[in-house]
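Below: the structure, in structure tokens.
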Protein chains: 2
Amino acid sequence: MGKDAGVSVQATATSFAIVEALRTREQAGVTELATELDRSKSAVHNHLSTLETLGYVTSTDGKYRLTHRFLRLGLATRERNPIYAAAKAKLRTLARTTGESVNLVVPEDDHGVYLYRVGNGEHPIEEGGSVALHASAAGKAILAYRGHEAVDDFIDRHGLPALTERTVTDPATLRSQLRSIRDRRVAFDRGEQTEGWQCVASAIVIEDDPIAAISVSGPADRMQGKRLEEDTTGLVVSTAKAIELEVLSD
Amino acid sequence: MGKDAGVSVQATATSFAIVEALRTREQAGVTELATELDRSKSAVHNHLSTLETLGYVTSTDGKYRLTHRFLRLGLATRERNPIYAAAKAKLRTLARTTGESVNLVVPEDDHGVYLYRVGNGEHPIEEGGSVALHASAAGKAILAYRGHEAVDDFIDRHGLPALTERTVTDPATLRSQLRSIRDRRVAFDRGEQTEGWQCVASAIVIEDDPIAAISVSGPADRMQGKRLEEDTTGLVVSTAKAIELEVLSD
DNA sequence: CATGCCGTTCAGCTATGGAGAACAAAGGTT
DNA sequence: AACCTTTGTTCTCCATAGCTGAACGGCATG
């Protein structure tokens, strides 16, 4: 039917392509979007005016931008997840005691999503953004609690693309790391996702299902030695355990 | 072209109708959505599978739900607004000192949007949700700083629909309230939006442009007498002024 | 094993939305 | 001021995208 397998309603694909272009762009005009997305001006105009009457886009003299309708959609999905309410307050205190950025990551399809993030803004990770599961401490913490076949399938589907020089690209190495993560309840990321940034993570596991992971991340020079290995690690693990209990008690 | 003026790309309208249905519903099946939205099963299925390959929807054995892609979209629009960063911390302390719920409302087209909200969860207002400008303290605070013609146009377009028995439905009454709001820098809502809930609001005005309003809301029995008239009012106004200064200093 | 009730697939017809050019409006430049 | 450039908007026409309606297959439940 459609030229691209699975995408049968191409108008929807076009509309969302425009929406995503507007996300990065603050505001944009018709011609600008048309050239970037390689569509005709009239097509882009049609979609924009449709999105405008639907309330997802506003225009002020020729420039279009996204409205806050997406905020309602996005927050609704987040609020729905019980892990969010259970973790929020505890992550705040974890951020305060460690002085570093703290993240809450949940798995979604084959990637992780930053559901919540409280930090000093040094590292430009955006809430709602996604992470590769194999190249982040939180992601590996989640993968560690999935079955062997699930991990194999994951590797088959995506491979282990390198994000930095230190990303784990060898399946055997990854599998051995996952084993030790499960044993010790901690995952580490030493610049595997972003050069110069280290991470400690621990998964939230409910009934053998890793529903989330929390992580503390900071620049390599602050996250090393005894501080990383003992202090931070201990805090992350105990916070993860506390969140597990909170989830179970609701 | 289209049957409904302005909505030329109907496929987009259908896709977003499905998305909005999923927002309220946690998860839903094809048939369920098809009957609710009055479309054919195959049409709904087409849209859902398209949205799924685009990454906005996931399915687990026949049930569909929204993904967190919308979180990225929504938070991007919020983070972009400088008023959010300027107001966030101050609203937290305002909530702590008053003990009531605190809201940040920004105007968008002809309604207000709850951009941020910190509260005790008593009143089920959702972040990202929208308010009628004429039937809320924050909305009236914003309207008060718009020109007379702008207010007239607003009334022409929407009228003054009553949300409760106490909603201001008379244009003359509204205009006189707006005048006093501008004079005193405070707007009140005495059950005009939700029966039994009172509100105090003050606008954030930058260069004669009301870019936002903050409000404190609580049940009528706690928000009355001296406490409302003096204590809370004073705190709201001074916080609004502080936010104005913060915005200007950036 | 039969019977609903799902989600998914299919084929075919028709309305829809895209291409492209013409139009309008707004700035910038000389 | 008159020009030109660049933008958003509108128009018409045609191909095809995407609906309808029905058939298929899987999974429960009786």
Side-chain angles (χ1 to χ4, degrees), chain A residues 1-67 108-109, chain B residues 1-67 108-109 153 157:
Chain A
M1 232 173 230
K3 64 168 71 170
D4 202 11
V7 182
S8 43
V9 187
Q10 293 181 351
T12 297
T14 305
S15 277
F16 274 98
I18 290 172
V19 166
E20 290 289 348
L22 284 175
R23 174 178 69 88
T24 62
R25 219 158 267 263
E26 166 106 20
Q27 66 169 21
V30 174
T31 310
E32 185 181 350
L33 291 170
T35 53
E36 162 163 344
L37 301 173
D38 205 46
R39 321 268 162 134
S40 73
K41 268 203 301 180
S42 63
V44 172
H45 178 83
N46 271 349
H47 282 270
L48 282 171
S49 74
T50 301
L51 288 168
E52 185 172 17
T53 60
L54 293 175
Y56 296 97
V57 153
T58 342
S59 67
T60 43
D61 54 54
K63 296 298 175 189
Y64 290 84
R65 86 191 63 182
L66 299 182
T67 70
E108 184 164 85
D109 298 324
Chain B
M1 225 172 239
K3 60 169 75 168
D4 202 12
V7 182
S8 44
V9 187
Q10 293 182 349
T12 297
T14 305
S15 276
F16 274 98
I18 290 172
V19 166
E20 290 289 348
L22 284 175
R23 174 178 68 87
T24 62
R25 219 159 267 262
E26 167 106 20
Q27 68 169 21
V30 174
T31 310
E32 184 181 351
L33 291 169
T35 52
E36 162 161 345
L37 301 174
D38 205 45
R39 320 269 162 131
S40 74
K41 267 202 302 179
S42 62
V44 171
H45 181 262
N46 271 347
H47 282 269
L48 282 171
S49 72
T50 302
L51 289 169
E52 185 171 17
T53 61
L54 292 175
Y56 296 97
V57 153
T58 341
S59 66
T60 42
D61 54 55
K63 296 299 176 187
Y64 291 84
R65 84 191 63 183
L66 299 182
T67 70
E108 184 164 85
D109 298 323
D153 291 350
R157 278 194 295 271

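Chain naming here is simple, since letters A, B, ... match the order of the sequence lines and numbering starts at 1 in each. Hydrogens, waters and symmetry mates play no part in the numbers below; they use all other heavy atoms, side chains included.
- The side chain of A/His47 places an N or O atom within less than 4.0 Å of a non-bridging phosphate oxygen (OP1 or OP2) of C/dG18.
- Between the CG atom of A/Asn46 and the C1' atom of C/dT16 there is a distance of 10 Å, rounded to whole Å.
- Closest to the B/Ser40 side chain, of the nucleotides C/dG17, C/dA19, D/dT20, is D/dT20.
- In summary, the side chains of A/Thr60 and A/Arg65 do present a donor paired with an acceptor at a separation below 3.5 Å, with no hydrogens or angles considered.
- Annotation: salt bridge (charged side-chain N to carboxylate O under 4.0 Å, His left out) contacts involving residues 34-53 of chain A, sequence neighbours excluded, comprise A/Arg25-A/Glu36.
- Between A/Lys63 atom NZ and C/dG27 atom C1' there is a gap of 12 Å when expressed in whole angstrom units.
- The shortest heavy-atom contact between B/Ile18 and B/His47 is CD1-CB, 3.5 Å.
- A residue-by-residue look at B/Ala43 and A/Glu32 shows that A/Glu32 has its nearest nucleotide of DNA chain D further toward the 5' end.
- Of the side-chain N and O atoms in A/His45, one or more sit less than 4.0 angstrom from OP1 or OP2 of D/dT9.
- The CG atom of A/Leu33 sits 14 Å away from the P atom of C/dG18 (whole-angstrom rounding).
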Open item on the list: I'd like to know whether A/Tyr64 forms a ring pair (Phe, Tyr, Trp, His ring centres under 6.0 Å) with A/Tyr56, so could you lay out the CA-CA distance, the side-chain angles of the two residues, the decisive distance to 0.1 Å, and finally the verdict.
Closed with: CA-CA 10 Å; A/Tyr64 290 84; A/Tyr56 296 97; over 10 Å; no

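- Of the candidate nucleotides D/dG8, D/dC19, D/dG18, D/dG8 has the atom nearest to the side chain of A/Thr31.
- Atom CD in B/Gln27 sits roughly 14 Å away from atom C1' in C/dC6 (whole-Å rounding).
- The nucleotide whose nearest atom lies closest to any side-chain atom of A/Gln10 is, among C/dT8, D/dG18, D/dT10, D/dG18.
- Taking the nucleotide of DNA chain C with the nearest heavy atom to each of B/Ser59 and B/Thr12, the more 5' of the two is matched to B/Ser59.
- The base of C/dG7 sits with one of its N or O atoms less than 3.5 Å from a complementary donor or acceptor on the side chain of B/Lys41.
- The nearest whole Å value for the distance from the CZ atom in B/Arg39 to the C1' atom in D/dC19 is 11 Å.
- Across the protein-nucleic acid pair, B/Leu48 atom CG and D/dC19 atom P stand 12 Å apart, rounded to whole Å.
- What separates CG of A/Asp38 from P of C/dA19 is a distance of 9 Å, to the nearest Å.
- The phosphate of C/dT8 (OP1 or OP2) has a side-chain N or O of B/Tyr64 nearer than 4.0 angstrom.
- Here the side chains of B/Val9 and A/Thr12 are not in contact, with every heavy-atom distance at 4.5 Å or above.
- With hydrogens and angles ignored, no donor-acceptor pair under 3.5 angstrom links the side chain of B/Ser42 to the base of D/dG18.
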